[in-house]
Amino acid sequence: MRTAVTFVAMVVLTVSLAVAVVHVGSGISIDSSGRVYFADTIRNVVWRIEADGSLSQVAEDIHTNVLHVTDDESIHYPPGGYPTEPYWTIAHGPDGQAYATVRSRIVRLLDDDSWEPVAGDSVAGYRDGPAASALFKTPIGLAVGESGAIYVADYGNRRVRHIDPTGT
């Protein structure tokens with residue numbers, strides 16, 4: 001269901017951008033109602049695309065490449081707009097929980113703009129097993145399945161990795 005909502009949201013985003021003068025930055029998030037939020041890094045604002053396709057500015061003076069919107073529609077981004085460590089990608093689970101890659105780690109983004117590790121370590125490598133001891137090398141893509149399983153595009157190891165909901 002979330003995949004269908006994401007696809008529809010991206011179609012709406014494309015149509016909305018064709019009629020509005022905005023610049024899509026790299027921060028994008030979808031709330032629990034399926035509305036798309038994105039950071040306009042040229043104008044330093046956050047836009048929201050409603051279900052009917054209308055576009056509205058919801059925040060200003062925000063320059064960020066990482067954006068997360070919680071179920072209560074609060075907008076979160078790292079202090080200064082950019083994380084102290086680079087997030088390659090952010091993915092949302094069916095429950096709205098956001099996950100990201102930080103160097104060689106997969107992390108869960110918290111509402112206070114911090115994160116906690118899910119899998120991997122600061123050391124790059126390759127090792128399967130329990131998430132706490134697994135190693136990744138340049139994970140650059142994430143997707144979260146309906147069951148809560150996390151799929152990782154482990155670029156440096158040339159593999160797609162799977163973290164099941166139990167942490168393996």
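Quantities reported herein were computed from a predicted structural model and do not represent experimental measurements.
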Could you give all pairs that pass the ring-ring contact (aromatic ring centres under 6.0 Å, His included) test and reach residues 127-153, with sequence neighbours left out?
Y151-H162
Those residues that, when tested against [X], pass side-chain contact (heavy atoms from CB on, under 4.5 Å) (two or more places apart):
| X | answer |
| --- | --- |
| I62 | V46, A59, T64, Y77 |
| T166 | D164, T168 |
| P165 | S147, A149 |

Please check if the side chain of N157 supplies one atom and the backbone of G125 the other of a donor-acceptor pair under 3.5 Å.
yes
Donor-acceptor under 3.5 Å (R108 side chain, V118 main chain)
no
Residues which pass side chain to side chain donor-acceptor pair (under 3.5 Å) with S56, listed by chain and number, not counting sequence neighbours
none
Sequence neighbours excluded, the answer for side chain to side chain donor-acceptor pair (under 3.5 Å) partners of Q97 is none
Heavy-atom pair with the smallest gap, counting every atom of R35 and A51:
CG-N, 4.3 Å
Exactly one of V144, L109, I163 clears side chain to side chain contact (heavy atoms under 4.5 Å, CB included) with Y99, and that residue is V144
Holding to salt bridge (Lys or Arg N to Asp or Glu O under 4.0 Å), I want the full list of residues that pass it with D111, two or more places apart in sequence or in another chain.
none
Partner residues of R159 under the salt bridge (Lys or Arg N to Asp or Glu O under 4.0 Å) criterion, sequence neighbours left out
none
What residue pairs, at least two apart or across chains, pass salt bridge (charged side-chain N to carboxylate O under 4.0 Å, His left out) with a residue in residues 53-64?
none
